[in-house]
Number of protein chains: 2
Amino acid sequence: MVRKTKEEADLTRRQIIDAARRVFLECGVSHTTLEKIAATAGVTRGAVYWHFRNKTELFFAMREQAILPFVDRVVFKEDDSDPLYGIETALREIFHILGDQPEVRETFEIISFKCEYVNELGDMMQCTGGQLDFLGKLTEAYRRAEARGVLRPGIAPDDLAHDTFLFVGGLIKHWLAGRPDERFRADAAALIRTHVALRRAGVDQAGPVSPARSSHLSKAA
Amino acid sequence: MVRKTKEEADLTRRQIIDAARRVFLECGVSHTTLEKIAATAGVTRGAVYWHFRNKTELFFAMREQAILPFVDRVVFKEDDSDPLYGIETALREIFHILGDQPEVRETFEIISFKCEYVNELGDMMQCTGGQLDFLGKLTEAYRRAEARGVLRPGIAPDDLAHDTFLFVGGLIKHWLAGRPDERFRADAAALIRTHVALRRAGVDQAGPVSPARSSHLSKAA
DNA sequence: GCCTTTACATACATTCGTGAATGTATAAAA
DNA sequence: TTTTATACATTCACGAATGTATGTAAAGGC
């Protein structure tokens with residue numbers, strides 16, 4: 001068929017990735033055939049093989065696209081007087097991204113539920129570099145919170161970071177799944193607030209989480 | 001071939017399930033063929049089709065076996081003077097089971113990482129009945145803890161239960177994956193202790209979690 | 001002792017998916 | 001302007017997996 005310009009070829013490539021995402025989501029990665037992807041994208045398998053060596057490479061290309069928004073948008077402010085609020089903000093941003101960008105959400109759904117981690121993908125079972133990075137950022141943020149004295153005493157920042165890391169992973173998963181009882185989807189922000197409030201010194205309320213936060217020493221029944 | 005007795009037939013059935021678990025774990029459910037399972041079990045595909053209608057039914061049979069130990073062994077004592085300790089005990093029991101029984105561990109690994117949730121399995125993405133049950137039990141336990149006054153005030157038991165539910169789910173997943181930095185595997189008990197300690201009233205230590213637990217009102221730097 | 005059912009094995013038909021080979025028309029380089 | 005590399009489409013050869021149909025020998029009831 002007609003030879004395309006570079007721009008058109010690049011568009012075709014993106015369309016193939018988009019099609020792959022849709023078919024992966026519907027059929028699961030294993031049961032997805034390149035023929036289905038090609039048909040969905042409005043091309044033939046030949047085109048797919050032109051742009052990607054095989055299904056795995058296509059999968060990684062799709063994954064790559066979805067990870068980018070997070071490195072940009074999920075940040076822990078280092079100069080904040082209340083690092084705990086910074087943590088809360090960062091966590092909420094994760095779900096803003098998932099809510100705003102359907103492609104990202106769908107890709108995460110695929111990664112979480114529509115993919116089997118064997119052979120080349122076996123390594124992905126373990127935490128990826130990005131996840132370990134996130135864990136490290138959390139740990140640093142909790143250390144800053146401890147130094148600021150806003151942290152509940154007696155528990156190591158490192159342990160808190162791990163606890164939060166597990167919390168976030170679980171929340172993403174259940175947020176994506178969309179149930180049970182919809183709480184995880186509907187009340188993600190509230191669950192995050194509760195989670196962070198548990199770490200605050202002198203807390204007696206899940207209370208306000210705005211920068212104007214509760215005093216450290218209030219203590220009530 | 002020779003007709004077997006009922007006992008021998010039942011043994012064959014179990015061997016097929018065992019074989020399925022091994023092959024599922026290695027190849028992923030989708031890429032597992034009934035031929036591989038049959039060969040691993042030392043029978044032919046005919047035998048597999050005799051005992052199970054198809055791969056899905058075999059998968060559910062395997063899954064069923066692995067869930068049983070939890071309903072037996074993960075219990076929240078209702079008459080405990082410290083329901084928080086009961087919660088901690090229950091959570092730890094989960095990982096005892098996973099550590100003790102390789103078949104259970106392997107099955108959970110399959111469910112978590114080697115399976116795509118599409119079509120008939122699509123419903124499994126959501127929380128299963130057992131999981132919702134677990135969430136309910138957690139909520140009740142936290143309510144009892146609140147009534148006993150051992151719970152940190154200001155946070156709803158329901159929210160605590162959800163937070164713990166996410167924590168456990170995440171910990172299971174990372175415990176199974178075996179990394180990052182092995183902390184999740186090696187220090188599961190410590191992470192559970194920390195998690196529960198965060199909920200304790202008047203806490204200043206992650207401190208002792210034995211039945212001789214810290215007093216409610218101690219407060220130190 | 002016969003008959004039926006059980007517990008498999010074997011064989012077959014069909015479909016599906018892959019990768020590669022080949023064709024082809026044009027954009028871009030020379 | 002000619003050439004060449006690009007961006008695909010089309011076709012083919014092959015294996016692999018599935019479900020079913022059929023074979024068979026012994027268990028177990030009568």
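Letters A, B, ... are given to chains in the order of the sequence lines, protein chains preceding strands, and every chain is numbered from 1. Keep in mind that what you see is a predicted model, and the values were worked out from it rather than measured.
The stretch residues 49-65 of chain A touches DNA chain D through A:W50, A:H51, each having a heavy atom under 4.0 angstrom from the strand. Taken residue by residue, residues 9-22 of chain B places no heavy atom nearer than 4.0 Å to DNA chain D.
The backbone N or O of B:P83 sits nowhere less than 3.5 Å from a side-chain atom of B:K77 that would complete a donor-acceptor pair. The backbone N or O of B:M124 lies less than 3.5 Å from no partner atom in the side chain of B:T128, so there is not a single donor-acceptor pair. Without hydrogens or angle criteria, B:R73 side chain to B:I94 main chain gives no donor-acceptor distance under 3.5 Å. Formation of a donor-acceptor pair under 3.5 Å by the B:K55 side chain with backbone atoms of B:S30 is found in this model. Under the 3.5 Å distance criterion, the side-chain polar atoms of B:D123 are left unmatched by any main-chain donor or acceptor of B:Q126.
A:T33 comes within 4.0 angstrom of sugar-phosphate atoms only, judged by non-hydrogen atoms across all strands, and of no base.
Map B:E7 and B:R45 each onto its nearest nucleotide of DNA chain D; the residue landing nearer the 5' end is B:R45. The nearest heavy atom of DNA chain C to A:G46 and to A:E35 marks one nucleotide each, and the one closer to the 5' end goes with A:E35.
Electrostatic pairing of A:D187 and A:R193 does not count as a salt bridge here, judged by no charged N lying under 4.0 Å from a carboxylate O.
Between A:V48 and A:V43 the shortest heavy-atom distance is CG2-CG2, 4.4 Å.
Between the P atom of D:dT18 and the CG atom of B:L34 lies a distance of 5 Å, rounded to the nearest Å. Atom pair B:K36:NZ and D:dA16:P shows a separation of 10 Å (rounding to whole Å applied). Atom NE2 in B:H31 sits roughly 12 Å away from atom C1' in D:dA17 (whole-Å rounding). The CD-C1' distance, from B:E8 to D:dA27, rounds to 10 Å in whole Å.
Listed by chain and number, the residues in a salt bridge (Lys or Arg N to Asp or Glu O under 4.0 Å) with B:E106 are B:R21 (sequence neighbours excluded).
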